[in-house]
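Heavy atoms only: backbone and side chains are in, while hydrogens, waters and symmetry mates are out.
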Amino acid sequence: MNSRVLLSERLDAPDVDRGVMAHSLTQVSTVNRWLGGDRGLRWGVANLLANRSEMSILDVGAGDGTTLARLAEWVRRRGVQVRAVAVDLHAHSCGIARDKVGDGDGVEVIRSDARELPFPESSFDAVISSLTLHHFDDEDAETALREMSRVAEGRVVISDLRRSRLSYLGARALAATIWRGNPYTRHDGPVSVLRAFSPSEMKDLAQRAGLESVALASGHPFRLTLVGTPRKTAP
């Protein structure tokens with residue numbers, strides 16, 4: 001699969017059915033949990049935990065917030081207190097996230113555009129984003145990454161799909177079986193793979209966006225995790 005194919009995803013539409021969307025976001029969260037997304041995020045933030053009693057994490061494009069909630073709980077189990085903030089542009093996503101994790105799991109939910117985050121520079125120890133970057137075209141993806149780098153103090157961690165024939169066939173198989181009952185996931189799963197970045201594209205994008213010490217890991221054949229350090233200009 002030589003280049004990205006930017007077909008529209010149904011979850012990005014403003015007029016989605018909230019109930020169908022909530023079910024679809026649960027399926028997305030399940031993919032994160034079982035197909036390498038959660039593991040990649042933990043790998044990305046793990047070395048920030050040493051000699052630290054508290055930590056702030058921003059999740060950009062957080063969906064229903066459950067991926068962030070699981071990561072925050074994993075950090076807390078290691079003796080580190082967490083301030084967890086979830087950002088998403090879609091009003092329904094924010095409402096669903098508030099219902100699911102906004103109180104009991106201690107996640108603050110804010111509606112905002114990833115390309116113009118409403119936070120000062122270096123506001124968060126770690127900025128993460130899972131299954132979100134492929135929703136943007138190349139220019140907007142670079143802008144979003146620049147914003148993530150701007151508001152991150154220590155680390156930016158991106159977990160997303162890996163564009164490959166194997167990933168596409170896997171998504172098609174899930175669409176025909178497990179995802180068959182949800183029209184959004186059934187459509188968006190394979191389309192998301194077509195929109196996804198290759199390893200070299202993702203690394204190049206991160207470097208153009210101002211990230212340094214960029215490292216890529218593929219703990220699952222369908223997933224990529226990118227970790228980078230924000231490049232801060234001298235005062």
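- For the residue pair Thr26/Ser29, the side-chain donor-acceptor check at 3.5 Å is not satisfied.
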Under the criterion side chain to side chain contact (heavy atoms under 4.5 Å, CB included), I'd like the reasoning laid out for Arg115 against Phe136: C-alpha separation, chi angles, the key distance, then a yes or no. CA-CA 10 Å; Arg115 296 162 295 185; Phe136 297 105; 4.1 Å; yes
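- Here the closest heavy-atom approach between residue Val107 and residue Ala86 is recorded as CG1-CB, 3.8 Å.
- Counting only N and O atoms by type, the side chains of Glu9 and His134 include a donor and acceptor under 3.5 Å apart.
- Residues Gly65 and Ala97 approach most closely at N-CB, 4.1 Å, considering heavy atoms.
- Here Phe197 pairs with nothing under the ring-ring contact (aromatic ring centres under 6.0 Å, His included) rule; sequence neighbours left out.
- With rounding to the nearest 0.5 angstrom, the NE2 atom of His135 is 11.5 Å from the CG atom of Leu89.
- Atom-to-atom distance recorded for Arg186:CZ and Arg172:CZ is 12.0 Å, nearest 0.5 angstrom.
- Side-chain contact check for Met148 versus Leu58: every heavy-atom pair is 4.5 Å or farther apart.
- Taking 4.5 Å as the limit, every side-chain heavy atom of Ile178 sits out of range of all side-chain heavy atoms of Thr30.
- Put simply, the side chain of Pro183 reaches to within 4.5 Å of the side chain of Val20, judged on heavy atoms.
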Check against side chain to side chain contact (heavy atoms under 4.5 Å, CB included), Val127 and Arg155: CA-CA 6 Å; Val127 176; Arg155 188 64 51 83; over 6 Å; no
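- Here CD of Glu108 is found 9.5 Å from CZ of Arg98. Values are rounded to the nearest 0.5 Å.
- Side-chain contact check for Val28 versus Leu131: some heavy-atom pair is nearer than 4.5 Å.
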Verify side chain to side chain contact (heavy atoms under 4.5 Å, CB included) between Leu161 and Arg223, making sure each step is shown before the conclusion. CA-CA 5 Å; Leu161 300 169; Arg223 298 297 293 254; 4.1 Å; yes
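- For the pair Tyr184 (side chain) and Asp17 (backbone), a donor-acceptor distance under 3.5 Å is present.
- Note on residues 74-97: no pairs pass side chain to side chain donor-acceptor pair (under 3.5 Å), not counting sequence neighbours.
- Between Ile158 and the options Leu133, Leu216, Leu205, a side-chain contact (heavy atoms from CB on, under 4.5 Å) holds for only Leu133.
- In summary, the side chains of Ser159 and Arg39 do not present any donor paired with an acceptor at a separation below 3.5 Å, with no hydrogens or angles considered.
- Interatomic distance, Trp179 CH2 to Leu174 CG, rounded to the nearest 0.5 Å: 4.5 Å.
- Every residue two or more places apart in sequence or in another chain that forms a ring-ring contact (aromatic ring centres under 6.0 Å, His included) with Phe222 is listed here: His220.
- For the pair Val156/Val227, no side-chain contact is recorded, criterion being any heavy-atom separation below 4.5 Å from C-beta on.
- Heavy-atom contacts from other residues, nucleotides or ligands closer than 6.0 Å to CZ of Arg208 number more than 12.
- The distance from the OG1 atom of Thr225 to the CZ atom of Arg162 is 11.0 Å, given to the nearest 0.5 Å.
- Here the shortest heavy-atom pairing between Ala152 and Pro230 reads O-CG, 3.4 Å.
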Checking Asp188 against Arg195 for the salt bridge (Lys or Arg N to Asp or Glu O under 4.0 Å) test, could you report, in this order, the C-alpha distance in whole Å, the side-chain angles of both residues, the deciding distance, and whether it holds? CA-CA 10 Å; Asp188 288 2; Arg195 297 183 62 100; over 6 Å; no
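- A side-chain hydrogen bond (donor to acceptor under 3.5 Å, both in side chains) with Thr185 is found for one member of Arg10, Gln27, His23 and no other, namely Gln27.
- Under a 4.0 Å N-O distance rule, the pair Glu201/Arg4 does not qualify as a salt bridge.
- In this structure a side-chain-to-backbone donor-acceptor pair under 3.5 Å is missing from Asp59 to Val85.
- A salt bridge between Glu212 and Arg231 is present, with a side-chain N of the basic residue lying under 4.0 Å from a carboxylate O of the acidic one.
- Residues Leu224 and Val31 fall into different hydrophobic clusters, defined by Ile, Leu, Val, Met, Phe, Trp and Tyr side chains chained together at heavy-atom separations under 4.5 Å.
- Leu145 CG to Arg150 CZ: the interatomic distance, rounded to the nearest 0.5 Å, is 13.5 Å.
- For Ser129 (side chain) and Thr132 (main-chain N/O), no donor-acceptor pair under 3.5 Å exists by modelled atom type.
- Using a 4.5 Å cut-off between side-chain heavy atoms of Ile, Leu, Val, Met, Phe, Trp and Tyr, with links allowed through other members, Ile128 and Phe119 fall into different hydrophobic clusters.
- Nearest approach of Leu41 to Thr67, heavy atoms of both residues: CD1-CG2, 3.5 Å.
- Between Arg70 and Asp38 there is a salt bridge, since a side-chain N of the basic residue sits under 4.0 Å from a carboxylate O of the acidic one.
- With Arg111 contributing its side chain and Cys94 its backbone, the two residues share no donor-acceptor pair below 3.5 Å.
- Closest heavy-atom contact between Glu54 and Asp125: O-OD2, 4.3 Å.
- Considering every non-hydrogen atom in both Leu49 and Val80, the closest pair reads O-CG2, 4.2 Å.
- Counting only distance, with no hydrogens or angles, the side chain of Ser123 and the backbone of Val151 share no donor-acceptor pair below 3.5 Å.
- Using a 4.5 Å heavy-atom cutoff, the side chains of Ile57 and Leu71 are in contact.
- Contact of the Leu211 side chain with the Leu226 side chain is registered, since non-hydrogen atoms from C-beta on lie closer than 4.5 Å.
- Residues Leu68 and Leu48 share a single hydrophobic cluster, defined by chaining ILVMFWY side chains whose heavy atoms lie under 4.5 Å apart.
- Side-chain contact between Arg163 and Leu194 is absent, with no heavy atoms from C-beta onward closer than 4.5 Å.
- By the rule that hydrophobic residues join a cluster once side-chain heavy atoms approach within less than 4.5 Å of another member, Val191 and Leu25 end up as members of separate clusters.
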